[in-house]
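Here, residue 1 is the first one in the sequence, and each next residue gets the next number.
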Amino acid sequence: MTGKTDQPPAQRLRLNLRQLEVFVATARGGSTRAAAARIARSQSAASSALADLENAVGARLFDRIGRRLLLNENGRALLPKAQALIEQAGQVQALLRDEHAAPLRVAASFTIGEYLLPERVSQWIAMHPQSQVQLHIANTRDVIDAVAGLDVDAGFIEGPQTHPDLVVRAWRTDELVIVAAPGHPLAGRRATHRQLSQATWVLREHGSGTRQVTDAWLIENLEQVHVGLELGSTEAIKRVVASGTGLACLSRFAVAQALEDRHLIELRTRLPAGTRRLATVTHRDKLLCRTTADFLRHCGALAPQSD
């Protein structure tokens, strides 16, 4: 007997982390030159590593458009898994070298990032003094793009938008309120639908979660909505409205302090209650690392880990 069996030998791994690191950097930078600068290697070494990776997987990962390298279908399928492997390797390396873990990267839409997350981030850092948190605040559309593009670990959004590459989880309920200056002609009375239709509104810009939900709520209940001013900042809207210009429709979380201080008043209306769901988003193909999962649990966005 020769000792041979009919089972095939174990397949050797033909790719390595350095190749994947170059691949991810090239996907981010759009060229091997940019990738080399990102990971402190020579361009020739980066080009060689990328070629070795494509040979190892047996497929092209980029389309060349002029001097740019753009991910093709194969590359887009590989990117989230390669990113996850690189991050896990970094965590292992940090553990073995007794270094701090990689920063937690979070993106949040404006209302959440400015009024809900700061206190939670402060509590998180107090409980984890060695932890670093990078909080990027943008409108909902940009948060979704950041999570889909693997630029952040998790996102918090206000609007009903979604994306095929993302997992959306319900988080909290928010209430929309109509506010005005204390001296506004409609202050102190119950505004009618007609008065609201004739009023001037100061609203967030298109692309924000607040604007998306506001449009749906107001347009459904009013004959018309006259938008006199669009602003990309909730704080700017509150200041403009407090000065006597128009009405605003904002999150109760965003106006709570201004209402308490009487810089703004909540307008009484006959409109039905306006509510919306806040949510978290993570990448469907990206492994949720322990730090990200723990932070989401800390924010009440994931179920507590069972024993």
Answer yes or no: is there a donor N or O on one side and an acceptor on the other, between the side chain of His128 and the main chain of Gln130, under 3.5 Å? no

Please check this pair: side chain of His193 against backbone of Glu223, looking for a donor-acceptor N/O pair closer than 3.5 Å. no

In this structure, are over 12 heavy atoms from other groups packed under 6.0 Å from Arg28 atom CZ? yes

Can you give me the closest heavy-atom contact between Asn72 and Phe62, atom names plus distance? ND2-N, 3.5 Å

Worked check of side-chain contact (heavy atoms from CB on, under 4.5 Å) between Glu87 and Lys286: CA-CA 10 Å; Glu87 291 179 357; Lys286 183 178 183 295; 2.9 Å; yes

Heavy-atom pair of closest approach, residues Ala34 and Ser31: N-OG, 3.0 Å

Chi angles and distances behind the side-chain contact (heavy atoms from CB on, under 4.5 Å) call for Asp153, Thr291: CA-CA 10 Å; Asp153 302 308; Thr291 302; over 6 Å; no

Taking Thr214 for the side chain and Thr210 for the main chain, is one N or O donor matched with an acceptor at less than 3.5 Å? yes

Would you say the side-chain atoms of Ser208 pair up with the backbone N or O of Arg211, donor to acceptor, closer than 3.5 Å? yes

Evaluation steps, side chain to side chain donor-acceptor pair (under 3.5 Å), between Ser233 and Arg204: CA-CA 7 Å; Ser233 164; Arg204 284 289 307 276; over 6 Å; no

Any side-chain heavy-atom pair from Gln83 and His283 closer than 4.5 angstrom? no

Are Ile39 and Leu20 in one and the same hydrophobic cluster, where Ile, Leu, Val, Met, Phe, Trp and Tyr link if side-chain heavy atoms are under 4.5 Å apart? yes

When you measure from the side chain of Glu158 to the backbone of Thr111, do you find a donor-acceptor pair of N or O atoms at a distance under 3.5 Å? yes

State, with a plain yes or no, whether a side-chain heavy atom of Ser131 is found less than 4.5 Å away from one of Ile125. no

Looking only at heavy atoms, what is the nearest atom pair of Arg190 and Thr269, with distance? NH1-O, 3.0 Å

Side-chain donor or acceptor of Arg105 paired with backbone N/O of Asp151 under 3.5 Å: yes

Measure the shortest side-chain to side-chain distance between Phe253 and Ile112 over non-hydrogen atoms and say whether it is less than 4.5 angstrom. no

Counting only N and O atoms by type, is there a donor-acceptor contact under 3.5 Å from the side chain of Asn74 to the main-chain atoms of Arg60? yes

Provide the closest heavy-atom pair for Ala242 versus His263 in the form atom of the first, atom of the second, distance. CB-O, 3.7 Å

Donor-acceptor pair, distance only, cut-off 3.5 Å: does the side chain of Thr26 make one with the backbone of Val22? yes

Non-hydrogen side-chain atoms of Arg252 and Leu259 separated by less than 4.5 Å: yes

Testing Leu15, Leu61, Leu71, Val24 for side chain to side chain contact (heavy atoms under 4.5 Å, CB included) with Leu78, which one passes? Leu61

Quick check: closest heavy atoms across Leu218 and Cys249, and the distance to 0.1 Å? CD1-CB, 4.5 Å

Evaluate side-chain contact (heavy atoms from CB on, under 4.5 Å) for Cys299 paired with Phe156, printing each intermediate quantity in order. CA-CA 11 Å; Cys299 295; Phe156 291 77; 4.2 Å; yes

Atom CE in Met127, atom OG in Ser122: separation rounded to 0.5 Å? 10.5 Å

Salt bridge check, Asp174 against Arg276: does any charged N sit closer than 4.0 Å to a carboxylate O? yes

Beyond-backbone contact of Pro118 with Val121, side-chain heavy atoms, under 4.5 angstrom: no

Is the shortest side-chain heavy-atom distance between Arg277 and Thr173 below 4.5 Å? yes

For Val241 and Ala180, work out which heavy atoms get closest and say how close. CG1-CA, 3.6 Å

Rounded to the nearest 0.5 Å, the CD atom of Gln212 sits from the OG1 atom of Thr140 at a distance of 7.5 Å

Do Arg284 and Leu166 have side chains that approach each other closer than 4.5 Å (heavy atoms only, starting at C-beta)? no

Answer yes or no: is there a donor N or O on one side and an acceptor on the other, between the side chain of Arg120 and the main chain of Leu116, under 3.5 Å? yes

Between Leu196 and Leu271, is there a side-chain heavy-atom distance shorter than 4.5 Å? yes

Going from CD1 on Ile237 to OG1 on Thr245, what distance comes out if it is rounded to the nearest 0.5 angstrom? 12.5 Å

For Asp63 and Leu69, what are the C-alpha separation, side-chain angles and deciding distance, and is it a side-chain contact (heavy atoms from CB on, under 4.5 Å)? CA-CA 6 Å; Asp63 292 327; Leu69 290 176; over 6 Å; no

So for atom CD, which belongs to Glu205, do other residues, nucleotides or ligands contribute more than 12 heavy atoms lying within a distance under 6.0 Å? yes

Could you tell me whether a side-chain N or O of Lys238 sits under 3.5 Å from a main-chain N or O of Leu264, the two making a donor and an acceptor? no

